[in-house]
Amino acid sequence: QLQLAESGGGLVQPGRSLRLSCVASAGSLDPWAIGWFRQAPGKTRVEIASISTSGLRTKYDDSVKGRFAISRDITKSTVFLQMDDLKPKDTGVYYCAAATGYSSSWVPDGVDLYDYWGQGTHVNVST
């Protein structure tokens with residue numbers, strides 16, 4: 001069974017950057033398409049970025065386009081979320097999740113497509 005672990009969250013001022021990492025503590029991320037989700041306080045979980053197994057296709061929510069970048073390092077079996085120009089509205093718990101990679105170019109779209117979830121890492125953007 002795949003087990004995911006996120007890291008890299010913390011407290012940061014608006015306009016600064018953070019890089020989140022998602023690794024498999026058991027198993028490998030390589031066969032899985034990966035998504036990052038944000039759950040703001042009192043809100044539902046929102047898919048903000050996802051990446052295909054090949055790493056060649058990505059998708060972003062409009063709220064993060066141009067500021068966040070998802071990537072994967074096949075050699076390290078790690079998926080990253082680079083978050084730049086952070087805003088207070090980016091505050092929340094960030095989860096990575098894995099979805100069955102139906103093809104190397106397939107990108108998930110929707111929370112129901114994901115099979116495994118990490119425990120989340122907190123991001124707080126505040127002065």
Least distance between heavy atoms, [X] atom then [Y] atom:
X: Y60; Y: K65; result: O-CE, 3.3 Å
X: S28; Y: L2; result: O-CD1, 3.6 Å
X: L11; Y: S126; result: CD1-CB, 4.2 Å
X: G9; Y: V123; result: CA-CG2, 4.1 Å
X: S50; Y: V107; result: OG-CG1, 2.9 Å
X: R38; Y: T91; result: CD-O, 4.2 Å

More than 12 heavy atoms from other groups under 6.0 Å of CD on Q119:
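At most 12 heavy atoms, drawn from other residues, nucleotides or ligands, come within 6.0 Å of this atom.
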Under a 3.5 Å distance rule, please check whether Q82 uses its side chain to pair with a backbone N or O of R19 as donor and acceptor.
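Not a single qualifying donor-acceptor pair exists.
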Spell out, as yes or no, whether a donor-acceptor pair under 3.5 Å connects the side chain of Q3 to the backbone of A26.
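Not confirmed, Q3 side chain does not pair with A26 backbone.
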Check whether any side-chain heavy atom of E47 sits under 4.5 Å from a side-chain heavy atom of P108, and report yes or no.
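Yes - at least one pair of side-chain heavy atoms lies under 4.5 Å apart.
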Do C22 and T78 have side-chain heavy atoms sitting under 4.5 Å apart?
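C22 vs T78: side chains apart.
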Between atom [atom1] of [X] and atom [atom2] of [Y], what is the distance when rounded to the nearest 0.5 Å?
X: W36; Y: T121; atom1: CH2; atom2: OG1; answer: 7.5 Å
X: K59; Y: D109; atom1: NZ; atom2: CG; answer: 4.0 Å
X: S52; Y: R72; atom1: OG; atom2: CZ; answer: 7.0 Å
X: L4; Y: I34; atom1: CG; atom2: CD1; answer: 6.0 Å
X: S17; Y: D85; atom1: OG; atom2: CG; answer: 8.0 Å
X: C96; Y: Y114; atom1: SG; atom2: OH; answer: 10.5 Å

Full working for ring pair (Phe, Tyr, Trp, His ring centres under 6.0 Å) between W32 and Y116
CA-CA 10 Å; W32 303 88; Y116 297 100; 5.4 Å; yes
side-chain contact (heavy atoms from CB on, under 4.5 Å) assessment of T53 paired with D30:
CA-CA 6 Å; T53 57; D30 294 350; over 6 Å; no
Determine, step by step, whether I51 and V79 satisfy the side-chain contact (heavy atoms from CB on, under 4.5 Å) criterion, reporting the C-alpha distance in whole Å, the side-chain angles of both residues, the deciding distance to 0.1 Å, and the verdict.
CA-CA 9 Å; I51 190 167; V79 174; 4.3 Å; yes
I'd like to know if the side chain of T75 pairs up with that of D73 as donor and acceptor (distance under 3.5 Å, no hydrogens or angles considered).
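Judged by distance alone, the side chains do pair up.
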If we count only N and O atoms by modelled type, under 3.5 Å, do the side chains of T100 and D115 hold a donor and an acceptor together?
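Yes, because at least one side-chain N or O of T100 sits under 3.5 Å from a partner of the opposite role on D115.
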Lys NZ or Arg CZ of R45 over W117 ring: under 6.0 Å, within 45°
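Geometry flag: set, cation within 6.0 Å and 45°.
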Is [X] linked to [Y] within one hydrophobic cluster, defined over Ile, Leu, Val, Met, Phe, Trp and Tyr using a side-chain heavy-atom separation of less than 4.5 Å?
X: V64; Y: F37; result: no
X: F68; Y: V46; result: yes
X: V12; Y: I48; result: yes
X: V93; Y: V111; result: yes
X: F80; Y: I70; result: no

Criterion side-chain contact (heavy atoms from CB on, under 4.5 Å) on R67 and K87, from CA distance to verdict:
CA-CA 10 Å; R67 299 189 299 121; K87 304 178 186 300; 3.7 Å; yes
